[in-house]
Number of protein chains: 2
Amino acid sequence: MTRRRSATLRDVATSAGVSRTTASYILNGRADEMRIASATVAKVQAAVADLGYRPNRSARSLRTQRTATVGLISDQIAGEQYGSSMLTGASVAARELDHLVVMGESGGDPDLERLLIEEMLERDVDGVVYATRTARAIQLPRGLRGVRSVLLNCEDPREQLASVVPDDEGGGRAAAAVLLAAGIEDVVVVGEDPALDATAGPRRMAGIRAELATRGIEVADHVACDWSVPDGFEAASQWLAGGGRAAGLICMNDRLAMGVYQALAEAGLRVPEDVSLVSFDGSSLADWLRPAATTVELPFADLGALAVRRLLDPEDPGGTVSVPMTVRHGGSVRPR
Amino acid sequence: MTRRRSATLRDVATSAGVSRTTASYILNGRADEMRIASATVAKVQAAVADLGYRPNRSARSLRTQRTATVGLISDQIAGEQYGSSMLTGASVAARELDHLVVMGESGGDPDLERLLIEEMLERDVDGVVYATRTARAIQLPRGLRGVRSVLLNCEDPREQLASVVPDDEGGGRAAAAVLLAAGIEDVVVVGEDPALDATAGPRRMAGIRAELATRGIEVADHVACDWSVPDGFEAASQWLAGGGRAAGLICMNDRLAMGVYQALAEAGLRVPEDVSLVSFDGSSLADWLRPAATTVELPFADLGALAVRRLLDPEDPGGTVSVPMTVRHGGSVRPR
DNA sequence: GCATATTGCTGACACGATTCAGCATGTGGT
DNA sequence: ACCACATGCTGAATCGTGTCAGCAATATGC
């Protein structure tokens, strides 16, 4: 780090002809409280501008135990296709509150996770956001007990913690509502949650069921498969080969939708002429399909931003906040 | 930050019955150099383990001017689909060298960029990685002059700086070589660089030309369009409608390839029976196509990791390092 | 037996900020 | 003339570490 040896508070004080104490009070906005003459304030401010003074954060942190830095621990969100927007959201929100984000990815390894948490606490981060790639139930890592923290895209059912998640149930209702509004009552769902602790699937499913129930309808069929393109293709192909047909399909995510598009195309079925389709996630992949898929957006950036804002808000009441998912219309739904 | 008031060096020293100085030397691995009796070393280590001592980083930084932290400034890499793997790579490499990553995204705003750089320097990061979403020529931000830094996925042609970029020209040669090896000599390239300062396109193109030249061949045609799915679809559709045909297509990235697949399908042409196709990036999108596209991988994680390693290596000689791009074979190329 | 090295350790200062307690000086009330 | 009080500032301690210079005790050389 070659960098001009920067001015210290002492330099400012000397240059302005006051004590370090006085300069410090002024710089921390305590001038009024300390009844400092406005002429003095002006002198100090001039010295600051003149010397290009910037406080040394390490020194300040040593005294105050605050670093204006938040930690963001995740299993995998950085390398992830779309979830990485949570990082952007978090980073932007942190900046707005004069903080920076220190990130660490555990890759799912609990030992590494412990290490990263320790490293962050050593560095006196002002709080930690604990994020997961997929929405699910987790257990708060031991190292974060008693540490100011917010869960992002996950919840700990055992503890009463601040946590920020997407409103998957509302999203499920919205998806079903799109099909109902198009006059479609024959709805098949593609995709089942692979992991036991995953919350997105069950909640979306509950929302879909609830919305259909308002018309006295039930889900016509549920095609089970993992949430990936090839699995979607395989499962949908088999379903179609077995005579499966439906006016409306709901895919648990956009990747599945891509696989389903492929299967439909090979079976000679067209979207939306023969089948209407709605999916989840709101990734750009949905836009790239032909026609673009109507998809219920996961507000990743908002989730990340909200997590940081709650972390840094001393008034935050805690508890889970569900962020709404909104429908982005493509051309994959056609009214009957 | 509610956290147990942790043990300090003084506590350790008292508990072990030695001076702070001695304890400090031992903890910094200078026991031998300072000829400290092994019995004393053992006593101190026991005290450390007993008290769960962890050094206070702020205090240490104040003395040493080092924070065991590196800054990572980018325009957009976090929110980006695949480039975000650079973050993962950087984070992992940093951890291996006992550092953490502080990230900041400017979103391309120079003012915000300046601010982020200032914030990081205030926090005494040990160095800064300056990354861009797309490979291109840049001008080193003023605030980083004289600061230890490494450019990631970009270069400053005016300055002799350490920088880590993909070997796009080698990638271009590799792409062409795949087609040549399949006996295809009729090669059309899809995609032209949209931005003036972008380096990926021209370099890939140069590589393709060079490889073809070894057989005395030239690129048969160049379909100009932006590097996105819809643009790829539009451009390829028009080209096909105008009678364009080729045995081999090289797409400048995987998104373009997806658009081209769509256009080919609508024109009734099949990959790889009628047309062989190679693309760039190595994103998962290439795997999702049917058949999976043969693609020249952009080693994002390696790039990020290497940038951090070079940043933290005092012996690093500087200059540009090009990381090889390797071919990932899908089913989109068929020998003639 | 004395000068000199070596061994093993410590005292004290510095890093750059925050903050408590207190010290002059002026001002108003009685 | 004296006390009380507000005004405007400062000295000194503190946060937890790193490190230079030096000190006492023992070993070594001749």
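What you see is a predicted model, and the numbers here were worked out from it, not measured in a lab. Naming: A, B, ... by sequence-line order, numbering from 1 per chain.
Atom C1' of nucleotide C/dC9 and atom CD of B/Glu33 are separated by 14 Å, given to the nearest angstrom. Rounded to an integer number of Å, the gap from CD of B/Gln65 to C1' of C/dA17 is 13 Å. As a whole-Å value, the separation of A/Arg66 CZ from C/dT18 P is 12 Å. A straight line from NZ of A/Lys43 to P of D/dC9 spans 7 Å, rounded to a whole angstrom.
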Review point. Could you run down nucleotides 17-22 of chain D 5' to 3' and tag each one B, S or - for protein heavy-atom contact under 4.0 Å?
Key: BBBB--
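Legend: residues meeting salt bridge (Lys or Arg N to Asp or Glu O under 4.0 Å) with A/Arg123, ordered by chain and number and at least two apart, are A/Glu119. With sequence neighbours excluded, the residues that form a side-chain contact (heavy atoms from CB on, under 4.5 Å) with B/Arg66 are B/Thr64, B/Asp126. Every residue two or more places apart in sequence or in another chain that forms a side-chain contact (heavy atoms from CB on, under 4.5 Å) with A/Glu96 is listed here: A/Val92, A/Arg309.
Nucleotides of DNA chain C nearest to B/Leu62 and B/Thr40 differ in position, and the one nearer the 5' end is that of B/Thr40.
Note that OG of A/Ser91 and CG of A/Leu100 are 8.0 Å apart. Values are rounded to the nearest 0.5 Å.
Residues B/Glu155 and B/Thr320 have side chains that bring a donor and an acceptor to within less than 3.5 angstrom of each other.
Salt-bridge annotation for B/Arg133 and B/Glu105: absent, with no side-chain N of the basic residue lying under 4.0 Å from a carboxylate O of the acidic one.
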Would you list the atom pairs, donor with acceptor, under 3.5 Å between side chains in residues 32-47 of chain A and any protein atom, with sequence neighbours excluded?
from, atom 1, to, atom 2, distance (Å)
A/Glu33, OE1, A/Arg30, NE, 3.2
A/Glu33, OE2, A/Arg30, NH2, 3.1

Exercise for review: Test A/Arg310 against A/Asp313 for salt bridge (charged side-chain N to carboxylate O under 4.0 Å, His left out), laying out the working first.
Suggested key: CA-CA 5 Å; A/Arg310 294 189 64 191; A/Asp313 178 6; over 6 Å; no
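Each end of the helix from C/dG1-D/dC30 to C/dT30-D/dA1 gets its own rotation axis from five pairs of C1' atoms, and the angle between them is 50° to the nearest 10 degrees.
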